[in-house]
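Written out below as structure tokens is the structure these notes cover.
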Amino acid sequence: MSFPLHWTNWSKKTENTMTLDQARNEIDRLTDQINHHNDLYYQQSRSEISDFEFDKLLERLIQLEGQFPELKKEDSPSQRVGGTITKEFETVLHKYRMLSLGNTYSQEELREFDARVAKGLENQAYEYFCELKFDGVALSLTYENGLLKRAVTRGDGTKGDDITNNAKTIRSIPLRLKANVPSEFEVRGEAFFPLKEFERVNNEREDVGEERLANPRNAASGTLKMQDSKVVASRKLNCFLYYLLGDNLDYSTHSEAISAIESWGFNVSPTYKKCNDIDAVIAYIEEWEEKRHDLPVETDGIVVKVNELSQQEQLGFTAKSPRWAIAYKYKAESATTVLESISYQVGRTGAVTPVANLRPVLLAGTTVKRASLHNANEIERLGLHIGDTVHVEKGGEIIPKVTSVETSLRNPESNPVEYITQCPECGTELVREDGEANHYCPNEEGCPPQILGKIEHFIQRNALDIDKLGPETIKGLLDNALIENYADLYDLTFEQLNGLEFKIYSEKKGDYSIRSLREKSAGNIIQAIENSKSIPFERVLFGLGIRFVGKTVAEKLADHFQSVDRLKEADYDSLIEVPEIGDRIAESVIEFFQEDRNLRIIEKLGLAGVQLHHEAKEQVVEGNNLENRTFVISGVFQQFSRDELKEKIKANGGKVVSSISGKLDFLLAGDKMGPSKLEKANKLGTTIISEEDFLNMI
Ligand code: IVH
């Protein structure tokens, strides 16, 4: 594509106050500091600075690299925060095939494997190396001259997807190795969603009305295939390495290779053990049967490997798997019990979740009384009747789930569970929108758990941070008619709170008792409410509780629209223009601002002094080439994300607008741009430029 001639004549004046040398020095210093703290955290589980201080260092590095792109290093730690968009993952051939392992399910089968090994090795002495079998996504990492070059998924074993940019956001995967390492090698392992992190992400999703991710393994796999590496970075995946490959490596046993990769800085799970014979392997299996549930990752068995590499070679491979290694699978932790009843919980967004109440049963070391049933589809899929004998399993989620029904034991008199049609809390007729798995109670204003949930969401630490107000106090405020919604919090006075009486429910006693708020707590609450007035706009926006607007989405919307007033005016087209914002979110935002009640609440927040617009950010200045020029950005780009392009336009004096009009100077067009935009730009004769054209301009 050609671009206007006058651009080429523009001078490349920059207004950086720093010289290139100064910037290089600072970038080097920041890089060393960040790498040092990262290593400390991931290899020694220690930290010398707070997360906040760490983020500040990273932020400064990113800012400098934005200003001096020529100084950005291939292994810069800034890649940990993501930002690159991969449109399509390139398929690459594995240098060494990625095979799977044979499975065994009993000690007997394991002893048969041992007999085959003994026979194959013609009575030489041999030993085993045992590891846990991590249930994640197999990854192959290639390093050249100490630098991470490529991260590839298993794919079909012969070729996989190149997901390097996404893998670089996994902080325990070294981008550069410090030690003296072989010039080229491959290391394999399992990327996984740490269970705590999985729970955190799911709670966040539930909080904004999104479906929970089904299980940590699928979620890890889905995450690594996402286009926006920033989202991958936000999910804090981890990776355990367990296999070293290369052409001229000088190790004679697997255990030596594992010690080597450990010493180079790779994350190796310390759960491995060398075992002299198959009896020791069986003892290892027994040792980990229960203990494995304390690990940060789901495991479904153990892997037994012949330790001596020359013996591995001697044993070789079948078409599908090595003869020198095998997996032993633990039996899924399951128990059989009786479904006594189903309760229905109503969340802040009105979503109804059915929960199975079970006859208490012991499962993986804990007594289980309840299991999640997700939604009506799940109840139908299981074909549940009350009184059924059911199987429950514990997977990666904290709450166990009902996996199947023993229909042969069913009481023939019993009837299938009929899903409720009215809200169990307020009696309102439930609705279920097309394509949604959940039923909703539409009575936002009058349904107690929704009212309470919205206030709890607003005051949480990630939002307005008034969490000194516990759920009981909020209930007390609602019961005493001191508040009806979160905006009313700003009317509260110390006198109203001091001595306020509220009920506390004790599960043990099965009854309520009365408490009253002390002077000190009342003062703390009033202070926290006052402090919340300086919470930045994006957190307030999150706190408003718009369905599907989680923390990250709120940040994107706040960044794009800068104020509630502009967001309120935004139409569907300008909303979906924002990266990551799709139909569902756009419709939900529009719906929220159509409600008079919400507009009144926002007005009240504004009058109270809550931040409803962005503080102007310190603007990076790169030049003034684009002065007085307006841009619309649309589509997916190769080198930069839309947010980065926006920053670049602003840093060079240009302006980003959201809709195409006759006054618009340029449409910066990436792939997958909407056809209607293109049509409009063509009709108005707008100059359409590519990412490359744009980079030439600046
Ligand atoms: S070794 C040639 N070790 O299990 C075999 N694999 O079913 C190399 N896995 O594809 C694999 N933990 O994704 C090995 N400690 C471990 C493992 C492990 C999990 C996975 C891996 C492999 C699959 C085989």
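Source: prediction; values computed, not measured. In listed order, ligands and their atoms are each counted from 1. No hydrogens, no waters, no symmetry mates; every other heavy atom, side chains included, goes into these values.
- No heavy atom of A325 sits closer than 4.0 Å to any atom of ligand 1.
- No donor-acceptor contact under 3.5 angstrom links the side chains of N145 and S183, judged on distance only.
- At least one heavy atom of L132 sits closer than 4.0 Å to an atom of ligand 1.
- Near P322, meaning under 4.0 Å from one of its heavy atoms, ligand 1 places the atoms 2 (C).
- Atom 9 (N) of ligand 1 has Y242 OH, 3.4 Å as its closest protein atom, hydrogens excluded (heavy atom only).
- Annotation for K331 and R292: closest pair O-NH2, 4.3 Å, computed over non-hydrogen atoms.
- Considering every non-hydrogen atom in both G146 and V181, the closest pair reads CA-CG2, 3.9 Å.
- Judged by the shortest distance from any of its heavy atoms, K305 lies inside the 4.0 Å radius around the atoms of ligand 1.
- Looking only at protein heavy atoms, the nearest one to atom 12 (N) of ligand 1 is F134 N, 3.1 Å.
- Atoms of ligand 1 found under 4.0 Å from any heavy atom of R154 (numbered from 1 in listed order, with element): 10 (O).
- Of the polar atoms of E131, at least one N or O is found under 3.5 Å from an N or O of ligand 1, judged by distance alone.
- Taking the salt bridge (Lys or Arg N to Asp or Glu O under 4.0 Å) definition, one finds that E436 meets it with R547, sequence neighbours left out.
- In terms of protein heavy atoms, atom 23 (C) of ligand 1 is closest to K133 NZ, 4.1 Å.
- Considering backbone and side-chain N/O of V303, none are found under 3.5 Å from N/O of ligand 1.
- When hydrogens are left out, the protein atom nearest atom 24 (C) of ligand 1 is L101 N, 3.4 Å; that is the closest non-hydrogen contact.
- Note: Y272 and F240 fail the aromatic proximity criterion, with ring centroids not under 6.0 Å apart.
- Heavy atoms of other residues, nucleotides or ligands lying less than 6.0 angstrom from CD of E90 number 12 at most.
- At least one N or O atom of E190, backbone or side chain, sits closer than 3.5 Å to an N or O atom of ligand 1.
- Under the ring-ring contact (aromatic ring centres under 6.0 Å, His included) criterion, Y251 pairs with no residue, sequence neighbours left out.
- Ring-plane geometry between F185 and W264 is classed as tilted, the angle between the planes lying from 30 to 60 degrees on a 0 to 90 degree scale.
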